[in-house]
Amino acid sequence: MKTVELNIPLLDAEIKAHRMKHGEFSELIGKSRSYLSYVKSTG
């Protein structure tokens, strides 16, 4: 399994620029609504 590093500030800015919420983005990529919040909190 590969490890991926996320640039959280950039991701947040892009989500905001597209007028989306984190839950909407998570669903867009095929994950649960709480996925992005979980990833941000656990690193």
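Summarising the geometry, atom CD1 belonging to I15 is positioned 5.0 Å from atom CG belonging to L36; distances are rounded to the nearest 0.5 Å.
Legend: salt bridge (Lys or Arg N to Asp or Glu O under 4.0 Å) pairs involving residues 14-26, not counting sequence neighbours: none detected.
With sequence neighbours excluded, the residues that form a side chain to side chain contact (heavy atoms under 4.5 Å, CB included) with E27 are R33. The side chain to side chain contact (heavy atoms under 4.5 Å, CB included) test applied to S32 returns S34, Y35, not counting sequence neighbours.
Residues S41 and V39 have side chains not in contact (no heavy-atom distance under 4.5 Å, counting atoms from C-beta outward).
Under the 3.5 Å distance criterion, the side-chain polar atoms of S26 are left unmatched by any main-chain donor or acceptor of K31.
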One pair to check against side-chain contact (heavy atoms from CB on, under 4.5 Å): K40 and D12. What are the steps and the verdict? CA-CA 10 Å; K40 286 173 62 176; D12 285 339; 3.3 Å; yes
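Hydrophobic clustering (ILVMFWY, side-chain heavy atoms < 4.5 Å, transitive): M1 and V4 are in distinct clusters. Linking Ile, Leu, Val, Met, Phe, Trp and Tyr whenever their side-chain heavy atoms come within less than 4.5 Å leaves I8 and L10 in two separate clusters.
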